[in-house]
**Q** 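Before anything else, here's the structure in question.
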Amino acid sequence: MASPPLATDDWVRCTGCGELVYRRRLDRLLKVCPDCGHHFRLRAREWLDLLLDPGSGVRFGEEVVPEDVLGFVDSKPYPERIAEGRRRSGNSAAALCATARLEGVPIVIAALDFAFLGGSIGGAVGELISRAARRALEDRVPLLIVSASGGARMQEGAIALMQLAKTSQEMARLHAAGVLVVNLNTDPTYGGASASFAMLGDVIIAEPGARIGFAGPEVIRQTIRQQLPDRFQTAEFLWENGQIDLVVPREELRTVLSRLLRLHSLAARPRLRPVVSGDTAHAGDTPVTDPALLPERDPAEIVALARDLGRPTMRDYCAYVFDDFLELHGDRQGGDDPAIVGGLARLNGRTVVTIGHQKGHEVGELVRRNFGMPQPWGYHKAHRLMDHAARFGLPLVTFVDTPGAYPGIEAEQRGQAYAIARCIMRMSELPVPVVCVVTGEGGSGGALALAVGNRVLILENSYFSVISPEGCSTILFGDRSATQRAAEQLRLTPRDLLRLGIVDGVLEEPGDGAHTQHTATAQRVKSALIQALDELSELQPTQLVDHRYQRYARFGDPELRLTKGLGHGGH
């Protein structure tokens, strides 16, 4: 058998598939293998060239260099290793920092270089990351950290370990000040990096196939004596387990980062006038706020229509209502529940955070999304996005459509009730406008976890209830035969909910219902959202919190008439 051809100055062997790639072609493809998609490592300087607007980068911190504080010697003295790192990378340390622009948006960037002692975290790297964070805080511009690191630098002992605390406290200051931090984790990102600054961003992005984790796989195998799963510690593995937001191929990184930065940089610039289709309002765009204007209807019919699989889903509304939508993933604790969809969106020139239950139209998606019944980690993801809205002063828009939270064994083991309670409490205290729209089923606490708002709207063929009619019939009447009676007794129709002050407005559905006219329904939702946010934006954060407090405090208070509560349009 002939030996494989050798790599030369003109040809590079891909470590992913083993094929030879012409070097100039590889460079044109941003060092991504054309055969298998393997992402070769980039040097820190190459990252700056790739991501930053040409000529915009101004380097700083180049006087910060590693020091041999311990007099460490392994197979060679540490100063020799430092000199070798300088030769290999062309840098004075394992990180480069710069102020710059990315698609016109000012940022601070810190990029680690694996060619310098494996991008390991020592005193110099910790200082550079910290200086970049302080500059971002001072200038109040986003911080982008590009990581490629084997972990803390052993040759600096406990000084290296302390960099985890040093850099983490800088991240905490940025979070407290509402300054965006974005992590771009590349291959590999381990140990001291992943256990501090590399996993503390508001948004975490990774390249395909990047290995990311705390302990290395060999250490794990030797410690637990077990076979590791396929794709263990890859970017895709972390994404599936809720640890990162996005896995983005290198050629798309600049575009995704630009969208992310602009969604935050333009957050406080809403248009002053509502915009509807053709810039002309249509009948039905304004919510009905007087229950007397709504006809009495059969509750069972409304429940059936609310469950129709043809009704628009959360993802449909994201496509039709918003001008841009960037979905974020993961609860950062171990799961990314597809029954909850959320992220950043643009609505009439205003950036919002949006969260909603997602069912689906086909059996496959319904099963994958658990029929819109969230697990605890779905509510943890929602809670995390609520925190994001609060941190950056972004209005929160939610879409409610669930039979209820999933009542499974694992859900109970992992604290379903606590997860729901945290969301309800967090929504009650958010210092931003919160508008909720019930678009289908509003089932019990699993729905209320996304429905504590300053303004709560409902589509006319939707319902909101403490329990499903079937559940009520079974518990109170002995079996499901009294479902019709239960639906009537629960007063779950939009007309009843408006009369009780549970909702502030009812959105009429066009034609035969939302399930037949997605675009027109979404247009009415969009118009109502713009109107509600325009009104609520006039309130200060403390007024918004108090408005929401008073809205819910009145329920059950015998001294307050619910029909004179804090409903549509007033405080």
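Values reported hereafter were calculated over all heavy atoms of this structure, with side chains retained and with hydrogens, waters and symmetry mates removed. Treat the numbers as computed from the prediction; the structure is a model and nothing was measured.
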**Q** List the steps and the verdict of ring-ring contact (aromatic ring centres under 6.0 Å, His included) for H175 and H388.
**A** CA-CA 10 Å; H175 288 329; H388 195 100; 9.4 Å; no

**Q** Quick one: CG on L253 to CG on L30, what's the gap to the nearest 0.5 Å?
**A**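 Output value for this atom pair is 9.0 Å.
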
**Q** With the side chain counted from C-beta on, respond yes when F40 and C33 share a heavy-atom pair under 4.5 Å apart, and no when they do not.
**A** yes

**Q** Check the orientation of F325 and F322. Use parallel for under 30°, tilted for 30 to 60°, and perpendicular for over 60°.
**A** parallel

**Q** Could you state the interatomic distance from CD1 (I205) to CD1 (I244), rounded to the nearest 0.5 Å?
**A** 9.5 Å

**Q** With no hydrogens and no angle check, just 3.5 Å: does a side-chain donor-acceptor pair link E441 and Y463?
**A** yes

**Q** So which of V400, T354, T439, I340 actually passes side-chain contact (heavy atoms from CB on, under 4.5 Å) with M314?
**A** T354

**Q** Could you tell me whether a side-chain N or O of N185 sits under 3.5 Å from a main-chain N or O of T189, the two making a donor and an acceptor?
**A** no

**Q** Determine, for R131 against E127, whether the closest basic-nitrogen to carboxylate-oxygen distance falls under 4.0 angstrom.
**A** yes

**Q** To the nearest 0.5 angstrom, please state how far the CG atom of L200 sits from the OG atom of S194.
**A** 10.0 Å

**Q** Can you find a heavy atom in the side chain of L448 that is under 4.5 Å from one in the side chain of I424?
**A**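 Side-chain contact under 4.5 Å: yes.
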
**Q** Between the main-chain N or O of G192 and the side-chain N or O of S196, is there a donor-acceptor pair closer than 3.5 Å?
**A** yes

**Q** Over 60° means perpendicular and under 30° means parallel, so tell me whether Y317 and F399 are parallel, tilted or perpendicular.
**A** parallel

**Q** Specify the closest pair of heavy atoms between R153 and S120, including all atoms of both residues, with the distance to one decimal.
**A**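 For R153 versus S120, the nearest heavy atoms are NE-OG, 2.7 Å.
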
**Q** Using only atom types and a distance under 3.5 Å, with no angle test, would you say the side chain of T402 pairs donor to acceptor with the backbone of G372?
**A**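 A pair under 3.5 Å: yes.
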
**Q** For R140 and A177, indicate whether the former's side chain and the latter's backbone hold a donor-acceptor pair under 3.5 Å.
**A** yes

**Q** Given E218 and R221, is the salt bridge (charged side-chain N to carboxylate O under 4.0 Å, His left out) satisfied, shown in steps?
**A** CA-CA 5 Å; E218 289 304 320; R221 287 192 191 94; 2.6 Å; yes

**Q** Test your reading of the model: is there a side-chain donor-acceptor pair from S149 to the backbone of G119, 3.5 Å cut-off?
**A** yes

**Q** If you measure from the Lys or Arg side-chain nitrogens to the Asp or Glu carboxylate oxygens, is any gap between R414 and E410 under 4.0 Å?
**A**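 Judged by the 4.0 Å cut-off on N to carboxylate O distance, R414 and E410 do form a salt bridge.
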
**Q** Rounded at 0.5 Å granularity, tell me how far CG in D113 sits from OG in S89.
**A** 5.0 Å

**Q** How close do W47 and T186 get, counting heavy atoms only, and between which atoms?
**A** CZ2-CG2, 3.4 Å

**Q** List the atom of A449, the atom of C423, and the distance in Å for their closest heavy-atom pair.
**A**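 Where A449 meets C423 most closely, the heavy atoms are O-CB, 3.5 Å.
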
**Q** Could you check whether any side-chain N or O of S465 sits under 3.5 Å from a backbone N or O of S468, counting only pairs where one atom can act as donor and the other as acceptor?
**A** no

**Q** Among R350, R346, K526, find the residue that satisfies the salt bridge (Lys or Arg N to Asp or Glu O under 4.0 Å) test when tested with D323.
**A** K526

**Q** Around atom CD1 of I224, are there more than 12 heavy atoms of other residues, nucleotides or ligands at under 6.0 Å?
**A**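 Yes - once you tally the heavy atoms of other residues, nucleotides and ligands closer than 6.0 Å, there are more than 12.
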
**Q** Side chain to side chain contact (heavy atoms under 4.5 Å, CB included), that's the test. Do L492 and L497 meet it? Break it down for me.
**A** CA-CA 6 Å; L492 47 69; L497 295 168; 5.5 Å; no

**Q** Between E170 and R173, is there a side-chain N and carboxylate O pair less than 4.0 Å apart?
**A**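 Salt bridge between E170 and R173, a charged N being under 4.0 Å from a carboxylate O: yes.
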
**Q** Would a 4.5 Å heavy-atom cut-off, applied to side chains only, mark D401 and V438 as touching?
**A** no

**Q** Kindly compute the distance separating CG (L102) from CG (L260), expressed to the nearest 0.5 Å.
**A** 10.0 Å

**Q** Please step through side chain to side chain contact (heavy atoms under 4.5 Å, CB included) for the pair V353 and V397, ending with a clear verdict.
**A** CA-CA 6 Å; V353 171; V397 173; over 6 Å; no

**Q** Quick check on the 6.0 Å ring-centre criterion: do H383 and Y379 meet it?
**A**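 That pair fails the under 6.0 Å test.
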
**Q** With a 4.5 Å heavy-atom cut-off, do V466 and L490 have their side chains touching?
**A**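 They are in contact (side-chain heavy atoms under 4.5 Å apart), so the answer is yes.
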
**Q** Taking Q416 for the side chain and Y406 for the main chain, is one N or O donor matched with an acceptor at less than 3.5 Å?
**A** yes

**Q** Between H361 and H518, is the ring centre distance below 6.0 Å?
**A** yes

**Q** Going by an N to O cut-off under 4.0 Å, is there a salt bridge joining D245 and R384?
**A**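 Yes.
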
**Q** Any donor-acceptor pair under 3.5 Å linking the side-chain atoms of R422 with those of H380?
**A** yes

**Q** Between P188 and R41, is there a side-chain heavy-atom distance shorter than 4.5 Å?
**A**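 Yes, side chains in contact.
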
**Q** Within the side chain of N370, is there an N or O that forms a donor-acceptor pair under 3.5 Å with the backbone of M373?
**A** yes

**Q** Taking atom types as modelled, find out whether T351 and H264 have a side-chain donor-acceptor pair closer than 3.5 angstrom.
**A**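 The answer is no; no qualifying pair exists.
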
**Q** Considering non-hydrogen atoms only, spot the tightest contact between G61 and L128 and give its length.
**A**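 Closest heavy-atom pair between G61 and L128: O-CD2, 3.2 Å.
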
**Q** Taking the side chain as everything from C-beta on, heavy atoms only, tell me whether R259 gets closer than 4.5 Å to R262.
**A** no

**Q** Should V182 and D202 be marked as a side chain to side chain contact (heavy atoms under 4.5 Å, CB included) after you check the CA-CA gap, both sets of side-chain angles, and the distance that decides it?
**A** CA-CA 6 Å; V182 180; D202 299 292; over 6 Å; no

**Q** With a 4.0 Å cut-off on N to O distance, would you call R307 and E470 a salt bridge?
**A** yes

**Q** Could you tell me whether E252 atom CD has more than 12 heavy atoms of other residues or ligands within 6.0 Å of it?
**A**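 Result for CD/E252: enclosed.
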
**Q** Could you pull out the closest heavy-atom pair between H38 and C14, with the gap in Å?
**A** CB-SG, 3.7 Å

**Q** Using side-chain heavy atoms (C-beta onward) and a distance below 4.5 Å, is L112 in contact with F197?
**A**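 Side chain of L112 against side chain of F197, heavy atoms only: contact under 4.5 Å found.
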
**Q** Without swapping roles, check the side chain of R455 against the backbone of A532 for a donor-acceptor pair under 3.5 Å.
**A**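 Checked: no pair found.
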
**Q** Check this for me, if you would: do E103 and R254 make a salt bridge, where the nitrogen-to-carboxylate-oxygen distance has to be below 4.0 angstrom?
**A** yes

**Q** Using only atom types and a distance under 3.5 Å, with no angle test, would you say the side chain of R332 pairs donor to acceptor with the backbone of G242?
**A**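 It does not hold such a pair.
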
**Q** Taking side chain to side chain donor-acceptor pair (under 3.5 Å) as the criterion, tell me which of Q358, E327, E365 meets it with R315.
**A** E327

**Q** Does Y418 OH have over 12 foreign heavy atoms under 6.0 Å away?
**A** no

**Q** Begin with the C-alpha distance, continue with both residues' side-chain angles, and end with the deciding distance and a verdict on side chain to side chain contact (heavy atoms under 4.5 Å, CB included) for I159 and L161.
**A** CA-CA 5 Å; I159 294 295; L161 182 63; over 6 Å; no

**Q** Please name the pair of heavy atoms, one in I129 and one in A110, separated by the smallest distance, quoted to 0.1 Å.
**A** CD1-CB, 3.8 Å

**Q** Quick one: does N241's side chain get under 4.5 Å of D336's, heavy atoms only?
**A**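 No. Closest side-chain heavy atoms not under 4.5 Å.
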
**Q** Distance from I204 atom CD1 to L246 atom CG, nearest 0.5 Å?
**A** 10.5 Å

**Q** So, D337 and K381, do they make that salt bridge, N to O below 4.0 Å?
**A**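 No salt bridge links D337 with K381.
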
**Q** Write out all pairs satisfying ring pair (Phe, Tyr, Trp, His ring centres under 6.0 Å) with one or both partners inside residues 226-248, taking only residues at least two apart or from two chains.
**A** F232-F237, W239-H329

